[in-house]
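Letters go in sequence order (proteins before strands), and every chain restarts at 1. All values reported here derive from a predicted model rather than from experimental measurement.
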Protein chains: 2
Amino acid sequence: MLERSGKSILIVDLFLYLHLKEIKIWIKSNFTGYEDLEWEYVVLVKKKRKYMRSGQVTIKDIAKELGISASTVSRALKDHPDISVKTKEAVNALAKAWHYKPNAVALSLRSSKSNVIGVIIPEIVHHFFSSVISGIEKIAHDGGYNVMIFQSDESYERELDNTQALLSSRVDGILVSMSKETKDYDHFRELRRNGIPIVFFDRICNELSSDNVIVDDFTGAFSAVQHLIDTGCKRIAHLSAPQHMLLGQNRLQGYRQALIKNKHKIDEDLIIKCDSFDEAKELVPLLLNLPERPDAIFAVNELTAAGALSVVKKAGLRVPEDISIIGFTDGIVSRVTDPALTTLEQHGHEVGLKATELLLERIKDRSMDYEPVTRVVKTSLVVRESTRYKE
Amino acid sequence: MLERSGKSILIVDLFLYLHLKEIKIWIKSNFTGYEDLEWEYVVLVKKKRKYMRSGQVTIKDIAKELGISASTVSRALKDHPDISVKTKEAVNALAKAWHYKPNAVALSLRSSKSNVIGVIIPEIVHHFFSSVISGIEKIAHDGGYNVMIFQSDESYERELDNTQALLSSRVDGILVSMSKETKDYDHFRELRRNGIPIVFFDRICNELSSDNVIVDDFTGAFSAVQHLIDTGCKRIAHLSAPQHMLLGQNRLQGYRQALIKNKHKIDEDLIIKCDSFDEAKELVPLLLNLPERPDAIFAVNELTAAGALSVVKKAGLRVPEDISIIGFTDGIVSRVTDPALTTLEQHGHEVGLKATELLLERIKDRSMDYEPVTRVVKTSLVVRESTRYKE
DNA sequence: GTGAAAGCGCTAACAA
DNA sequence: TTGTTAGCGCTTTCAC
């Protein structure tokens, strides 16, 4: 592997890919007599390892080295009972020494199973979605699957591209939270026609009879409003999400039903479409200027709640004494505002876990004839300082 | 495809995977005379499409249907000049009609190129990391690559597992931000030995001569402190990250140099290891009780800054009049606190873009003999309300 | 107990 | 202009 040739020329039969700097250090530390080595005298001879093609060791390499057949190596590696102990030992030893790693690509091709699941989400930069992914990743890896991520950026076009890429990649299953733009669902039907199971989460679609995992928006909203009523609030406003999103509808319904159940009258002036920090800054002042101003605000997400909080405080009103505020959480924002916001925990991680568990079941089943199910992840009320104490 | 057999039995030669409900609707809407169809009378005969094996259409399927060879189909699909227009048209038409999608797995196997890049990050649920991923995803997809995500959960063990999975998957390149636990780097060397280029970002390592993309921690910290000095602060405390992290060292150095440059003396009592919301709640009170209390706090990240803010306010001190606070941002927290926090924007998205660009260059190059480079993403000072106005 | 051969889907060199 | 063949890495019959 190392031989001297000529006066001060060192020939390195190099089969490792290393940076030049590291090679120098490696030579100096592994071979005596070259401590004073000057770089200029080193000649690098790049050579592939015998039998080694694309960088990584293959079963064939091991077979050739040991003078046995590839199939024997394959069997030895999976501890097949037919193979003699001797052979097994030799194979395993060499595989370890040579850092053999099965080629997942070849396995996929042979078995028509990629052990990859694809995920399409609107935006990763969103605490809720990133926690979902974190849950997905956990279950997937425990089950031997890898996770491929695709962002739709809330664009239908990109979502379409993503499904095509997923189809090409031959993923074993797909998790989807739809973009806001999506109104046509043929791309999802195509996936199913190809036998790829899909589980939708959070942003689901009623027109598709599919597996779903959703947050319990209705009950969450209901209990938010119930909490406000229980703590003495009379006029409760709702900052809502767009109504073409199921989530927006359900939360609004929860709000309405809670009022009805408690025999409060519903004032449509107190319901406004407002679902971002900046929108809250703009629209909440209008609510405060109402002849009979609200004494509580239920916001559809935490950033909107934070925006509302900031407006209310600037107006010189106290929270929660004058106005209670409650949000629907997907992050840490609620913990750091002053006062900290009471919210409904959405458990994104849990959504990810549940959705992936369901998907893996479907993948295992193979048959596409199951009855679609919808699993619900419960929200939980986290009482902090932006709502009053129970009387 | 549809034929009547017996009295009211409908035989459907089914080659599409659909849910039962949808099949019913499909039959009713596509065939007259079955409007009053009762489900019980439908017999489903599951049959694979002729020539179609694993669900998806292959080149072979098209070849057989058209009575030509697979290679001709392959060439026609890539618009090879040798192929006659007629053949091309026929092939393309059928490919489209049958929704042919090239099998990426087969392509990978053949070309030893998976068009996948792997990403290892400590935690997705972190605004900084998720915005990095968002940047990665963008560049990767524009370059025709898919992205596989792995979380190390700050665990060395899991990081090791991840590199093994990456090796098996034969990804074309890897982006890594190391776990806090990682002190041994052989697993990364092994990746390189196998010819897989790696680019590290944010959490990098000096012992490895590798490509890096980092945030300009030193200059960021320096300008944070400079800003505090410019606005009249005299005793500036630093809530720092652990010193075994390069990031922690660099920010501390920036802090020190800014003080030195401005001829402030460095008080070691004002430097404490404290890098989370809860730690700030616990430790900042000690700072405030110092005989000469600080009049400014530079926190190593935004959550720590938020914690400090909350403590300072609870102690009855005004921000920024009595104490200025500045953070190092990776999220929206700074915008929603009261007062909103002045911070250094870290530009995670940018880090993702730069790192991926660099990685794709390396993948294109193939040769591993390049000189490693370190690219720096500049931070920018965002002045909000938690620091005083310039005098 | 082991080997030879075929095939997963695709492409490219070589033939015709 | 098109077809044949071989091979990417692996597994799995079927032989011996």
Side-chain angles (χ1 to χ4, degrees), chain A residues 48-49 51-91 95 98-115 167-172 194-195, chain B residues 48-49 51-91 95 98-115 167-172 194-195:
Chain A
K48 281 179 184 161
R49 187 184 285 180
Y51 312 135
M52 200 172 124
R53 265 168 248 255
S54 64
Q56 312 257 106
V57 181
T58 73
I59 279 192
K60 248 189 187 163
D61 299 331
I62 296 178
K64 285 209 182 143
E65 179 75 15
L66 260 34
I68 56 179
S69 80
S71 32
T72 303
V73 174
S74 171
R75 283 184 277 234
L77 287 170
K78 6 183 62 65
D79 206 17
H80 191 105
D82 277 1
I83 304 298
S84 75
V85 182
K86 229 175 164 175
T87 311
K88 276 184 194 166
E89 278 173 359
V91 168
W98 280 7
H99 298 280
Y100 168 77
K101 301 267 153 33
N103 183 331
V105 177
L107 286 168
S108 297
L109 183 59
R110 222 204 108 90
S111 62
S112 326
K113 191 152 182 336
S114 60
N115 278 289
L167 229 26
S168 246
S169 297
R170 301 297 196 264
V171 294
D172 292 339
N194 285 292
Chain B
K48 281 179 181 161
R49 187 184 285 179
Y51 311 132
M52 203 173 120
R53 262 168 251 258
S54 65
Q56 312 257 106
V57 181
T58 72
I59 279 192
K60 247 187 187 163
D61 300 330
I62 297 178
K64 285 211 180 139
E65 179 76 16
L66 262 35
I68 56 180
S69 81
S71 37
T72 303
V73 174
S74 170
R75 283 182 279 234
L77 287 169
K78 9 181 60 70
D79 205 19
H80 191 107
D82 279 359
I83 304 297
S84 75
V85 182
K86 228 175 163 176
T87 311
K88 275 185 196 166
E89 278 173 357
V91 168
W98 281 7
H99 297 280
Y100 168 78
K101 300 268 153 32
N103 183 330
V105 177
L107 286 167
S108 297
L109 184 60
R110 221 201 110 87
S111 63
S112 327
K113 196 159 176 328
S114 59
N115 278 289
L167 229 26
S168 247
S169 299
R170 302 298 196 262
V171 295
D172 292 338
N194 285 293

Out of D/dT12, C/dT11, D/dT2, minimum distance to the side chain of A/Ser74 belongs to D/dT12
Note to self: Taking only side-chain N and O atoms of B/Ser84, does any of them lie within less than 4.0 angstrom of OP1 or OP2 on D/dT2?
What the structure shows: yes
To the nearest angstrom, the CG-C1' distance between A/Asn115 and D/dG9 comes to 16 Å
Of B/Thr72 and B/Leu109, the one whose closest nucleotide on DNA chain D sits nearer the 5' end is B/Thr72
When rounded to whole Å, the CG to P distance for the pair B/Leu107 and C/dC8 reads 16 Å
Side-chain contact check for B/Lys78: nearest option of C/dC10, C/dT11, C/dC8 is C/dT11
Atom CG of A/Asp79 and atom P of C/dT2 are separated, to the nearest Å, by 13 Å
Separation of C/dC10 atom C1' from B/Lys101 atom NZ, nearest Å, is 17 Å
note: A/His80, atom NE2; C/dG1, atom C1'; distance rounded to Å ~ 9 Å
A side-chain contact here means heavy atoms from C-beta on lying under 4.5 Å apart; do A/Ile68 and A/Val73 qualify? yes
Between NZ of A/Lys113 and P of D/dC10 the distance, given in whole Å, is 18 Å
Here the distance between atom C1' of C/dA4 and atom CG of A/Asp82, to the nearest Å, is 16 Å
Interatomic distance, OG@A/Ser108 vs CZ@A/Arg170, rounded to 0.5 Å, equals 11.5 Å
Is a donor-acceptor pair below 3.5 Å formed from side chain A/Arg75 to base C/dG3, judging by atom type as modelled?
yes
Notebook entry, point to check: What is the nucleic acid contact for B/Ser69, judged by heavy atoms within less than 4.0 Å: base, sugar-phosphate only, or nothing?
Noted result: base
| message | Under 4.0 Å, heavy atoms only, any strand: does A/Thr87 hit a base, just the sugar-phosphate, or nothing? | response | sugar-phosphate
Which of C/dA12, D/dT13, D/dC10 is nearest the side chain of B/Ser71? It is C/dA12
| request: Taking the side chain as every heavy atom from C-beta outward, state whether A/Arg110 and A/Leu107 have any atom pair closer than 4.5 Å. | output: no
Given A/Arg75 and A/Asp82, is the salt bridge (Lys or Arg N to Asp or Glu O under 4.0 Å) satisfied, shown in steps? CA-CA 8 Å; A/Arg75 283 184 277 234; A/Asp82 277 1; 6.0 Å; no
| Touch class at under 4.0 angstrom, heavy-atom based, for B/Asn103 against every strand present | sugar-phosphate
Closest of D/dT11, C/dG9, D/dC8 to the A/Arg110 side chain is D/dT11
(Q) Tell me whether the side-chain N/O atoms of B/Lys60 come closer than 4.0 Å to OP1 or OP2 in C/dC8. (A) yes
To the nearest angstrom, the CH2-C1' distance between A/Trp98 and D/dG9 comes to 16 Å
Comparing B/Ser111 with B/Val85, nearest DNA chain D nucleotide closer to 5' gives the residue B/Val85
- Query: Does A/Asn103 reach the side chain of A/Thr58, with side-chain heavy atoms less than 4.5 Å apart?
  - Reply: no
The reported gap from NE2 in A/His99 to CD in A/Gln56 (rounded to nearest 0.5 angstrom) is 11.0 Å
Looking only at C/dG9, D/dT11, C/dT11, the nucleotide nearest the B/Ile59 side chain is C/dT11
